[in-house]
Number of protein chains: 2
Amino acid sequence: MCSPRVSISLPDTPKSARSESVLKGGKPTLRTIADITGFAVTTVSRALSNAPQISLDTRKRVHQVAAEIGYLPDRAAQRLKTGRTNVISVLLDPHEEILGYGTSLMLGLAKALKNTPYHLIVTPNFINDSNVDAIRHIVRNGMADGLIFSRTEPFDPRVRLLLENGFPFVTHGRTEFTTPHPYVDYDNFSFAYEATRRLIARGRRKPMIILPPKRMTFSQHLLHGFMTAVREAGVTYEIPTEIDLDCPVDQIRDYISRRAGQPDAPDGFACGGEVSALATITGMSDHGLTLGVEYDIVAKQTSKLLVNIQPRVETIYEDLTDTGEQMGRILLARIAGGETTDMQVLLKPQINFPAV
Amino acid sequence: MCSPRVSISLPDTPKSARSESVLKGGKPTLRTIADITGFAVTTVSRALSNAPQISLDTRKRVHQVAAEIGYLPDRAAQRLKTGRTNVISVLLDPHEEILGYGTSLMLGLAKALKNTPYHLIVTPNFINDSNVDAIRHIVRNGMADGLIFSRTEPFDPRVRLLLENGFPFVTHGRTEFTTPHPYVDYDNFSFAYEATRRLIARGRRKPMIILPPKRMTFSQHLLHGFMTAVREAGVTYEIPTEIDLDCPVDQIRDYISRRAGQPDAPDGFACGGEVSALATITGMSDHGLTLGVEYDIVAKQTSKLLVNIQPRVETIYEDLTDTGEQMGRILLARIAGGETTDMQVLLKPQINFPAV
DNA sequence: CGGCACATTTAAAACGTTATAAGTTACCTC
DNA sequence: GAGGTAACTTATAACGTTTTAAATGTGCCG
């Protein structure tokens with residue numbers, strides 16, 4: 001059983017163990033590198049993290065060997081020792097299912113996390129609308145180093161919880177807490193303002209906007225932008241109260257259809273999403289109304305879907321992959337201990353003034 | 001510095017350490033439970049895993065205390081010791097961005113993984129179409145206990161690699177390897193067959209089907225189903241070669257539009273996705289052709305989007321959340337060491353024969 | 001009552017990493 | 001050449017869990 005290669009066998013155990021470790025096929029550890037180079041495990045660890053106290057020659061050698069044998073630090077061991085998980089948790093909301101909102105964001109996040117030790121783990125929310133329980137669990141049990149979530153409310157309990165615990169996070173969407181916190185948000189005020197102005201510029205005299213549920217912060221932003229444009233132009237307007245952007249799409253279509261059949265129907269639509277724009281088109285067409293003739297739409301575009309199918313829908317772009325990438329970048333900075341300055345990003349809509 | 005509470009200080013260290021451990025606020029470990037109950041750490045560990053050698057009384061007591069103090073095993077420590085990661089990795093393909101394909105699947109997976117120690121981590125693929133490098137990395141470095149991916153090819157190199165390494169995985173989609181492997185697939189043959197039959201039953205005499213890229217297995221299934229229905233009915237048909245379902249949607253629309261303006265245009269469309277159905281409608285309407293009048297569509301429905309917007313599009317449903325849930329269930333069984341029997345699920349389309 | 005099986009509990013080691021503190025040289029100064 | 005100080009390197013312990021092997025006690029048999 002004992003290795004027959006070794007002739008002197010008494011105090012030789014360390015050396016014998018060495019050869020063994022190098023020859024054994026198991027995945028390489030610090031120990032493997034230590035045995036190959038002749039340095040101690042500690043030195044190897046230090047060298048790999050480029051500690052200044054380790055001589056440059058040693059560092060080079062260790063890095064070289066590490067690369068050669070394809071060494072990769074064991075995440076579990078690192079996590080156990082340091083307490084850092086190297087995990088970013090994304091709270092997935094069922095509402096994000098549609099049109100790949102979640103997927104786009106995650107692709108962006110993943111891009112930002114590339115070439116870092118961080119992994120992206122998905123924590124879905126089945127229960128209620130605010131995943132505060134899930135967050136509490138993550139914070140209390142140290143399941144992640146940072147959190148990403150969206151659809152914020154002005155006094156979002158999730159944000160409150162995280163601020164209280166000093167836990168790193170970045171939201172997609174703003175809040176109204178006095179304590180600032182990192183976020184990446186789309187300038188929905190400008191979007192709604194600009195969309196509505198374009199409708200008016202095209203001669204539309206009764207714009208409508210379908211808003212997200214009122215409790216969410218960006219609903220207020222959209223409303224504000226819409227109202228500003230409407231008041232500046234002095235036109236009439238309409239805001240449905242029965243439906244919102246989270247409604248099933250057939251409800252939206254039916255509402256629009258019903259409304260189109262009544263007097264004083266809106267003749268311009270600022271749509272916060274591509275699907276609601278499609279629903280609007282279909283609802284209007286029930287009454288023979290044609291896009292670009294009797295009415296216009298300016299919609300927010302977050303995928304390649306809408307604009308390409310219906311070229312007559314004017315769109316303003318929101319780049320969710322870029323959003324995710326920025327959120328990732330900021331979260332990494334925040335985890336690294338950066339301060340909360342320059343960690344609030346408001347992405348401006350790509351405004352291309354219409355040729356009219 | 002030393003705890004002043006303890007009067008006898010010589011061989012008392014263990015006891016002192018105990019009180020310390022209980023009183024300290026840090027997150028509870030096995031040690032905490034051991035100190036409270038008076039059992040050894042080993043016993044506690046055993047009791048929590050319900051080892052039969054531990055007396056029932058002890059097990060009860062330990063579980064009770066664990067619940068009281070909210071003990072949760074440290075994932076890193078478990079992983080380090082056992083080698084199991086408790087991680088399921090999902091390979092995210094950029095093509096899954098549209099219409100929440102990926103998100104739906106992940107919601108289903110998460111549902112299956114609920115109340116298990118498994119976490120869902122997202123591994124996106126930026127580079128090429130086959131994430132074989134990502135997989136090799138995961139397998140070689142033990143980054144996960146199981147893998148989930150989709151869009152399989154008949155001799156998918158990813159499947160080959162995983163089979164060779166005996167690594168647990170479940171695919172969304174079948175292959176043609178002789179070695180069976182776990183999969184969950186939608187019966188795309190039946191879908192295409194049934195969709196085409198419905199078109200013909202409605203009196204359409206020249207059905208068209210837009211297929212996914214030929215290299216993917218389910219493309220062949222769709223083709224086969226389509227051809228079977230077409231041949232049974234003895235009608236003409238058309239299969240575009242210039243475009244596929246992965247094409248940008250405006251290309252699809254333009255193709256349909258162009259085709260609609262030529263002689264012998266198709267009058268029925270079997271659409272493998274909702275977006276292509278919308279593109280078809282738009283393309284056809286360029287030439288004044290109306291859905292339900294000059295032509296019909298039967299589409300695969302994977303979200304709440306299409307059918308609800310365009311009620312005149314007939315649909316056959318594919319439940320991606322259910323798919324994900326089944327994949328999760330099967331993967332867990334596979335990881336637990338189950339054999340490859342009963343691990344191949346073919347989900348039948350919900351066929352509601354049209355009233356016509 | 002020695003011994004043996006059984007039931008239950010425990011001590012010790014290990015997984016791979018990092019942090020702390022302690023070595024080991026070589027070189028310089030007076 | 002004693003003493004000190006850089007410049008590197010290293011031994012040891014620890015993170016929290018599971019595993020292996022050993023220990024403890026209890027009852028039964030001859």
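Below, all heavy atoms of this structure are taken into account, side chains as well, without hydrogens, waters or symmetry copies. Sequence lines set the chain letters: A, B, ... in the order given, protein chains first and strands last, and positions in each chain run from 1.
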Inset, instruction - Output, in order, the C-alpha distance, side-chain angles, deciding distance and verdict of side-chain contact (heavy atoms from CB on, under 4.5 Å) for A:T29 and A:D74. - result: CA-CA 8 Å; A:T29 74; A:D74 183 295; over 6 Å; no
Within a strict 4.5 Å, meaning less than it, do heavy atoms of the [X] and [Y] side chains meet?
X: A:I33; Y: A:L48; value: yes
X: A:D156; Y: A:V132; value: no
X: B:V159; Y: B:F149; value: yes

Legend entry - Heavy-atom pair with the smallest gap, counting every atom of A:L120 and A:A110: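 Scanning both residues, the minimum pair turns out to be CD2-N, 4.2 Å.
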Legend entry - A:P124 to B:L107 - nearest heavy-atom pair and separation: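 Looking at all heavy atoms of both residues, the closest pair is CB-CD2, 3.9 Å.
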Legend entry - Net bend of the helix from C:dC1-D:dG30 to C:dC30-D:dG1, end axes of five pairs each, nearest 10 degrees: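 Roughly 70° between the end axes, to the nearest 10°.
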Legend entry - Option from A:D145, A:L109, A:V87 for which side chain to side chain contact (heavy atoms under 4.5 Å, CB included) with A:Y118 holds: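 Among A:D145, A:L109, A:V87, the one that satisfies the side chain to side chain contact (heavy atoms under 4.5 Å, CB included) with A:Y118 is A:D145.
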Legend entry - For A:L147, the option from A:T123, A:L331, A:I88, A:L162 that meets side chain to side chain contact (heavy atoms under 4.5 Å, CB included):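 Result for side chain to side chain contact (heavy atoms under 4.5 Å, CB included) with A:L147: A:L162.
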Inset, instruction - Please lay out, stage by stage, how A:H181 and A:T175 fare under the test side chain to side chain donor-acceptor pair (under 3.5 Å). - result: CA-CA 9 Å; A:H181 65 82; A:T175 65; 2.8 Å; yes
Inset, instruction - Could you walk me through whether A:H119 and B:H119 pass the side-chain contact (heavy atoms from CB on, under 4.5 Å) test, one step at a time? - result: CA-CA 11 Å; A:H119 279 181; B:H119 279 182; over 6 Å; no
Legend entry - Nearest-angstrom distance from the residue atom CD1 of A:I33 to P of C:dT18: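 One finds 11 Å between P of C:dT18 and CD1 of A:I33, rounded.
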Inset, instruction - Go through A:T85 and A:M143 one step at a time and tell me if the side-chain contact (heavy atoms from CB on, under 4.5 Å) criterion holds. - result: CA-CA 7 Å; A:T85 64; A:M143 305 299 283; over 6 Å; no
Inset, instruction - Output yes when B:R31 and B:D35 qualify as a salt bridge under the 4.0 Å nitrogen-oxygen rule, no when they do not. - result: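 Between B:D35 and B:R31 there is a salt bridge, with a charged N closer than 4.0 Å to a carboxylate O.
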Inset, instruction - Begin with the C-alpha distance, continue with both residues' side-chain angles, and end with the deciding distance and a verdict on side chain to side chain donor-acceptor pair (under 3.5 Å) for B:R329 and B:Q326. - result: CA-CA 5 Å; B:R329 181 181 58 72; B:Q326 302 239 32; 2.7 Å; yes
Legend entry - Members of residues 46-60 of chain B that approach DNA chain D, where some heavy atom sits under 4.0 Å away: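 Per residue number, the list reads B:R46.
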Inset, instruction - Go through residues 61-73 of chain A and report each residue with a non-hydrogen atom lying under 4.0 Å from DNA chain D, sorted by number. - result: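 The stretch gives none, as no residue of it lies under 4.0 Å from the strand.
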Inset, instruction - Quick one: label A:A40 by what it contacts on the DNA or RNA (base, sugar-phosphate, nothing), any heavy atom closer than 4.0 Å. - result: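 Answer is sugar-phosphate: A:A40 comes under 4.0 Å of backbone atoms only.
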Legend entry - By salt bridge (charged side-chain N to carboxylate O under 4.0 Å, His left out) - contacts of A:R136 (at least two apart):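 A:R136: salt bridge (charged side-chain N to carboxylate O under 4.0 Å, His left out) contacts with A:D133.
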Inset, instruction - Using distance alone, with no hydrogens and no angle criterion, decide if B:R79 and B:N86 have a side-chain donor and acceptor under 3.5 Å apart. - result: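 There is no such pair between these side chains.
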Inset, instruction - Pull out every residue in residues 79-88 of chain B that has a heavy atom closer than 4.0 Å to any atom of DNA chain C, ordered by number, or say none. - result: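 B:L80, B:K81, in order of number.
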Legend entry - Positional range of nucleotides in DNA chain D within the contact set of chain B, heavy-atom, under 4.0 Å: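 Counting from the 5' end, contacts occupy D:dG16 to D:dT20.
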